[in-house]
Every structure is written in C-alpha cells, then in structure tokens.
Amino acid sequence: MKGRIMKLYNIKSLACVAFLGLALTSCEDFLDRPTEDGYDTSSYYSNDEQCRAGVNYLYNSPWYDFQRGFIKVGEVMSGNYKQSNSPYITFTLDGSDQYLANMSASLWAVNTHCMTVYNNLKASTGASEEVKNACMGEALTWKAFAYFYMVRSFGAVPIIHDPLSIINSQSATQLHKAKISVVYDYIIMTLEKAIELLPEHDVTGKGRIDKYCAKALLAKVYLTKAGFSEEHTTYNTGSNCYITCKAHQRNPEDLKKAADLALDVIENSGRNLLPVYSDLFRGHNNVNEECLISWAWTVSGGTWTCQNSLQSDLSPKGFSEFGDNWGQWDGVTADLIEAFGDNPLNQRRQNVDDRRKATIMMPGDTYDYFFMEEGGLDILKLIYQGYAKHQGQGSWDATGGGYCAKHLVGCNSDHEKEGLGVNPRDMYYGNYTHLLRLADVYLIYCEAAMGNNTSSSDPKVLEYFYKVRHRSVKGYQYPTSITWNDIWKERRLELAMEGDRWYDFVRRYYYDPQGAIDELKAQKRNTYAGLDQLYKTYYDSGYTTWKVDPSTMYYDTNTLPPNVTDRSFTIPMSSVDVSYNPYLLEQPEDFDLSTLSF
C-alpha cells in the first residue's frame, strides 16, 4: 500500500514532521480549511480557525495504514470476514506480516501526532480558551483511542507520554512495556483529561469530538477493563509474547462506571439512533447524530493518506470505474451469514433483519443507493453481466456466500450524489468510517448494567436493547428479560464489519477464556462448494430456477477449524518494532502514572 505511515523506529523523524507543522497543510478541509500561506508552529496556532484546522488531520491521515488492520484484525480474525490464504483467519500470524507492521506504525503515529498537536496547542497564545481546550481534548481522545486499539491488540505496550522527551533523551530503543492494567489506567487518565477540556456539544456541527463522544469511549474502556485482572493473567515473553488469562468474575466497580457513563451519554447527549440502519453508512450521512467518533476521510486535494480506501479492498470486481476492486475472492463468512439466520443455499433470503442486507450482499439483493445512475445495483447482474461502465467478474467467487456491503460508497456518480463533493479516484473515497456509535453505547449499557449476572429484566436494560434490535428487526416484541448471550449476539449483528468484533473476543477472553476459545473454534470459516453454479443458474433463469444439488453444492466440513489457543488473543509484536527495541520481548514493568501530567 502506498503512503506508509512512518514506523516506530522512525519515531524521531515522525515527531519532527509533526512538530514543524508540515502535516497541518493536508487533509484539513473536511472541517475547516486553513489559510494556504506558509507557517510554522510558532505562529500557526494564533486564532480559533487555525487551532481547529490544526487538529483536522488527526481525524484521518495518521490512521490511514490502520485501515487494513482494522478489517484483518477486527473482522477476519473474529470470523466475520474471509480472506483467502490469510494468516489472520487461520491464526498463523507472526511478526513478519507487513500489514501488522503497517498497523503498528499507524497507531504509534497517531500517538505521536496527537501529543505533538496537543503540546503545540497548549503552548499557543491568541486563540480563545474555549476553542483551544476543545482542540486539545480532541487530540487526547484520538490518542486514547490509539492506545485502546494497541492494548487490545498487542497486550502490554510502552507508554510514550511525551514523544519529544523520548527523542531528546535518545531512549526510544530502550522503552519497556507497561503492564496491561497500567495501560488501561493511562487510557482512562487521558480520556478524563479530554472530557475536562471538551465542550458539551460540537458547536461546529461538522462531526468534531465533544464531551459525550469521549464519555462514550470511556464507557467502552471501562467495560473492557472490567474483565482484565493482573491477578489472573500470566505474561509469556520471548519470541512470541502473549498473555494467558484464567476465568474470574468481572470487576463490579468498573462495570458500574461503564454503565453510568453509557447512561449519561444515552440520556443527556441529545443523540438518537437513526431510524433506518443502512442510512448510517451513506456518504450524505457522514456526520449524523448516532455516530460519535469517526475517521473523517476526504479526497479533496488528492493528498495520499487522507482518503478512505476500504472500498477497494472489500468490493468485488467492477464495483468502481477505476479497476481498484480487489475483494473478488474474499467476502463474509458462512458463520456471519448464519448468525443473521440465513444460509447461502437458501433461495429465499429471510431478510427478517435489515442489517443483513446492509452488511452483506447476497443473491437476489438489490440496492437503490449503489449505481444510482443505472437505477440501482443488482449484485448478480454485476457479477455475471456487468453494467455499461462496470465489467463483471463473470463468476461468484465469495465462497462464504456473500460480499461486504458496508464501507462501500459505489461508483463515481454515487460518490457525487452522496454529497461527497468531488469525484473519487483510484483508492480515494470520502465516506467516513464510523468507529463508535450510539447503538454500541446502548449495548454497552445493557451489558454493564447486567453486571456479572447472566440475565436481566431491568426496565432500562430492556428498553435500550429493544431500541437497537427493533430498529432492524421489525416486529420484534418487547422482551420481558434478556440474557448475556442475547447482548453478545446483538453486538455481532449490529456492529458486523465495523472493525470491532475481535476486540469483543479479546475482552471476553480476559475473564472467560475458554468461552472465547470454544466459540471461535466452532465457527464456520470454511468454504461452500458449488455456489457459482447455483447462483449463475438462478441469474440466467431470470430468478426463477433455484436448484441445489447436494452432491456438488455443500459446505466444506473436512477442513479442520483454526487452532485457537491462549496465544491467539495477543497479536505478535511487529518484527520491525522488535528489531528496533528488543525490550518489547521482555516482561512488562510497573509504571508510575503519577509522574505524568497533561
């Protein structure tokens, strides 16, 4: 992939770039475009407009090389998405993987850029305190989010509070990892400062992070932290660092904090769920009341790393006019399709859950928001016949049964009609990637308020669970009680393909390791035979002939399930990072957070 974010071993160069303010000239116009004349940090943050513009790029550019890790870890490892011959789906990942290196580099880049911008803002004069504080709070929220991804991915990691001091002391090669519990405390400390600085609401109306956005993220952090216990964790070090956890009860105090924060966001933020689930992922709704924190991509200016490239990786051949569609051989897993109550060999899509079609494209599905100039998209027509500007691939190659529908904006004219401003280009799209939504907060509240119980009939728990499920499953009756398993499954259906599911397994592994292992081993990650023949006959007959031949059309039960073990829940450190700093392979150490301040 082009435009690689600088690796951890280039932390000095990375921090210098950010410190000179060079990154501030790109990726800014999704919010407020700064002046185009030259500047440096000694003069740039001198008014409200410049402060806001100086934070804009934190919503996109440093995150760019995490996009593929976002899918490979969040969805492939979790069993929602299948990529052929991928070590992420077979749990054979090692530190030499290039996508892993890019993911790590991107997350460390976010941390460095956020702290650089924060310190520059803190030292600036001329801007109003209100705007200056808001921008500092945004930077800290993004920093906390990066660390939240890191600790759930890699386990124990170093705490780099002030990158410049690391550079000046030339100690980047000697950083030791902090214990996982300390990293969570650091994330909480960072978010609490962000909440202190942020305004109650985003006064710009352009999707900037406000106090309730940070509170929502903090609620999710507490729900995750509630299950982790140093007492029940063993750190295994050496060439393959990982953690081993033992079953135990979750911390009730952390669960209560998660529930209280989530309820505060639900009841006081003034936000509501969008009525139609699929509308969440349309470009004209890049900024909407349900989506709390999003990557805000832009194609204006053509600067690499500012754009959304997920459509290129996830869509089948011919989906755009640029030949940048590489998802032909991939697609969602049979396991995810079955979670929605469907099966690739069923002729009549059940469609009892609107989220299935909004997440997964299957035979017979049509979309009025893709290929709008053609009157809409028929997925089988695209595959077998193509459209005037879209050559089909000629065969159905998604052997799990369906292609991904989320993260796709469509063709050139769709991009324009969605109000994204300009034409897309090869791997350049402007639809936002939503990382934290109000529906997630509803489910966080339900789970946290249930505590360590296996079910609940609490009126508020039932109310917010019902709101999430009823939006997409019309006719769903108001429940009299729900179980932990109901919430666990609902999270998968609601957030599928949004880069989140693996991290649910990680937090479950913290306190229920065998449950997490058993579920992953039981998933249907293998392929179906004969789908192309079945679907092509269906299409050629004008959707009248659906004939399943069990001798040629079946799910592969011969391939063994992946070898999921305790090692599977900690992603290996990148070999690039380890070669630069061998201390990353050693035991984590205690870290005194009282020595740090913002």
Side-chain angles (χ1 to χ4, degrees), residues 29-30 60 64 67 70-71 206-207 274-288 290-291 294-304 306-328 330-332 354-393 398 402-434 496-498:
D29 52 312
F30 86 96
N60 46 49
Y64 182 79
Q67 285 184 93
F70 180 72
I71 296 297
K206 296 182 177 181
L274 295 191
V276 179
Y277 181 79
S278 60
D279 282 351
L280 285 161
F281 311 103
R282 306 278 60 80
H284 67 272
N285 278 329
N286 270 349
V287 177
N288 66 76
E290 180 173 337
C291 296
S294 307
W295 287 329
W297 307 109
T298 176
V299 298
S300 179
T303 304
W304 189 264
C306 299
Q307 79 280 15
N308 188 340
S309 295
L310 287 174
Q311 171 165 298
S312 297
D313 282 350
L314 299 175
S315 60
K317 181 180 177 181
F319 202 80
S320 77
E321 296 94 330
F322 308 110
D324 61 341
N325 311 115
W326 308 307
Q328 173 178 347
D330 301 331
V332 301
D354 292 343
R355 294 172 296 193
R356 200 283 299 160
K357 182 180 171 184
T359 305
I360 308 168
M361 295 188 288
M362 297 185 70
D365 286 344
T366 59
Y367 297 83
D368 58 6
Y369 48 79
F370 296 141
F371 291 21
M372 286 185 272
E373 67 179 4
E374 301 280 359
L377 168 70
D378 178 333
I379 184 59
L380 286 188
K381 180 180 179 182
L382 172 64
I383 298 297
Y384 292 116
Q385 180 180 337
Y387 289 81
K389 299 178 182 177
H390 306 269
Q391 181 180 355
Q393 58 202 37
Y403 287 104
C404 178
K406 283 185 183 176
H407 305 294
L408 310 187
V409 68
C411 61
N412 193 330
S413 62
D414 294 333
H415 198 271
E416 294 179 357
K417 290 178 181 179
E418 286 285 1
L420 297 175
V422 296
N423 291 345
R425 296 192 299 164
D426 181 358
M427 293 185 69
Y428 277 77
Y429 301 96
N431 49 319
Y432 287 12
T433 304
H434 304 306
M497 294 306 301
E498 295 181 48

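When side chains are defined from C-beta on, H284 does not count as touching K417, because their heavy atoms never get closer than 4.5 Å. Side-chain contact between T359 and C404 is absent, with no heavy atoms from C-beta onward closer than 4.5 Å. With contacts defined as side-chain heavy-atom distances shorter than 4.5 Å, the pair Q393/P316 qualifies. Between T433 and E498 the shortest side-chain heavy-atom distance does not fall below 4.5 Å. Side-chain contact between D313 and I71: absent, with no pair of heavy atoms (C-beta onward) separated by less than 4.5 Å. At least one side-chain heavy atom of H390 sits less than 4.5 Å from a side-chain heavy atom of L382.
For F370 and F319, the distance between ring centers is under 6.0 angstrom.
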* Take K389 and E373 through the salt bridge (charged side-chain N to carboxylate O under 4.0 Å, His left out) test and state the conclusion after the steps. => CA-CA 11 Å; K389 299 178 182 177; E373 67 179 4; 3.6 Å; yes
* To do: Begin with the C-alpha distance, continue with both residues' side-chain angles, and end with the deciding distance and a verdict on ring pair (Phe, Tyr, Trp, His ring centres under 6.0 Å) for F322 and Y428.
  => CA-CA 10 Å; F322 308 110; Y428 277 77; 9.6 Å; no
* Going through the distances and angles, do R282 and D414 end up as a salt bridge (charged side-chain N to carboxylate O under 4.0 Å, His left out)? -> CA-CA 10 Å; R282 306 278 60 80; D414 294 333; over 6 Å; no
* side-chain contact (heavy atoms from CB on, under 4.5 Å) between S309 and Y429, intermediate numbers included -> CA-CA 6 Å; S309 295; Y429 301 96; 5.9 Å; no
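Side-chain N/O atoms of Y64 and N308 include no donor and acceptor closer than 3.5 Å. Between T366 and D378, the side chains place no donor N or O within less than 3.5 Å of an acceptor N or O (distance only, hydrogens not considered).
Note on ring orientation: taking the six-membered ring where Trp is involved, the planes of H434 and F281 are tilted (angle from 30° to 60°). In this pair, Y369 and Y367 present their aromatic rings perpendicular. The plane angle is above 60°, beyond the 30 to 60° band. Taking the six-membered ring where tryptophan is involved, the planes of F70 and H407 are perpendicular, since the angle between them exceeds 60° and thus also 30°.
Around CD of Q385, the count of heavy atoms belonging to other residues, nucleotides or ligands within 6.0 Å exceeds 12.
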